[in-house]
Amino acid sequence: MIKIAGLTKVFRTEEVESTVLNNLNIVIKKGEFVSIMGPSGCGKSTLLNIIGLLDTPSGGSYLLEGDEVASLKEKDRIIRRKGLIGYIFQSFNLIDELTVYENIELPLIYMKMGKKERKEKVENIMKMFAISNRRKHFPQQLSGGQQQRVAVARAVITNPKLILADEPTGNLDSKRGKIVMSHLMKLHEAGATIIMVTHSPRFAEYADRRIRLFDGKVISESVKEALNV
Ligand code: ADP
Ligand code: MG
């Protein structure tokens with residue numbers, strides 16, 4: 001479970017000080033799928049970075065599975081992230097010097113998985129995301145949509161329990177977007193907690209709960225309507 005209370009984030013640059021997250025409160029249950037929407041610059045990526053232990057808040061509390069993690073040192077944040085958190089970055093963050101295959105394989109190498117098992121997993125996920133024919137390409141040789149699918153594949157290949165997705169369909173056409181969403185749904189059904197930032201109202205509907213941010217605060221929440229069967 002994620003429990004965030006009174007969270008603030010202030011960025012300071014020389015003379016300017018801007019409060020990007022402002023006394024924000026969110027509780028996300030284990031296994032829940034939450035989408036986050038809100039205008040550009042309202043703090044969505046900043047919030048995801050803090051939840052993903054890539055950044056620390058300026059104030060407030062962040063309980064992750066019962067432990068206060070708001071002020072963990074970087075070394076401890078790295079240990080905590082490993083294997084638990086799969087992060088799909090808005091800007092992909094692929095490694096330019098590695099091929100598609102090697103980028104996707106990397107988290108499995110960190111997990112010390114054997115070569116044969118790694119190969120099977122990478123081949124499967126490349127097929128699923130229709131990028132097998134790009135295996136030997138480097139990130140700069142790919143379109144934005146292909147890079148995004150590599151980034152998604154790399155983030156989910158370890159079956160992380162917590163998936164943080166920053167606009168995971170932002171560069172994809174409708175068909176590719178649906179492939180990514182249906183894979184996220186599969187992981188969700190298998191028990192993963194998913195927090196997804198999106199601009200797409202249609203994809204936001206997949207979530208159990210939609211949260212809307214504005215100026216660093218939660219301004220509304222809506223729960224998925226029960227299906228009329
Ligand atoms: P969103 O993802 O909702 O578009 P962000 O969380 O990326 O918004 O950014 C929120 C605000 O914080 C923006 O005004 C952005 O310029 C600012 N910001 C983000 N990261 C930094 C940083 N490292 N230093 C200074 N300002 C930042
Ligand atoms: Mg963003």
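Heads up: numbering here begins at 1 and tracks the sequence. Remember, it's 1-based here, ligands and their atoms both numbered in the order they're listed.
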Side chains of E167 and T198: any donor to acceptor distance under 3.5 Å? no
Per-atom contact, atom 15 (C) of ligand 1, protein heavy atoms, under 4.0 angstrom: no
Hey, is atom 24 (N) of ligand 1 under 4.0 Å from any protein heavy atom? yes
Would you check the N or O atoms of S18, main chain and side chain alike, for any that come under 3.5 Å of an N or O of ligand 1? no
Basic-acidic side-chain contact under 4.0 Å: R209, E221: yes
My understanding is that we take every heavy atom of each candidate and find the minimum distance to atom 2 (O) of ligand 1. Doing that for P39, G43, S45, which one comes out nearest? S45
Hey, is T46 touching ligand 1 through its side chain, its backbone, both or neither, going by heavy atoms under 4.0 Å? both
Using distance alone, with no hydrogens and no angle criterion, decide if E32 and T193 have a side-chain donor and acceptor under 3.5 Å apart. no
May I ask you to check whether F11 has an N/O atom sitting below 3.5 Å from an N/O atom of ligand 1? no
Test item, G41 contacting ligand 1 (heavy atom, 4.0 angstrom): yes
Hey, is R154 close enough to E105 for a salt bridge, meaning N to O under 4.0 Å? no
Would K44 count as being in polar contact with ligand 1, using the rule that some N or O on each side must be under 3.5 angstrom apart? yes
Only one of K119, E120, K121 forms a side chain to side chain contact (heavy atoms under 4.5 Å, CB included) with E117, so which one is it? K121
Angle in degrees, rounded to 10°, that OG of S45 and OE1 of Q90 form at the Mg ion (ligand 2): 80°
So does K29 pair up with D208, basic N to acidic O under 4.0 Å? no
Can you pull out the closest protein heavy atom to atom 12 (O) of ligand 1? Residue, atom name and distance to 0.1 Å, please. V20 CG2, 3.1 Å
Answer yes if the ring centres of Y206 and F203 are under 6.0 angstrom apart, and no otherwise. yes
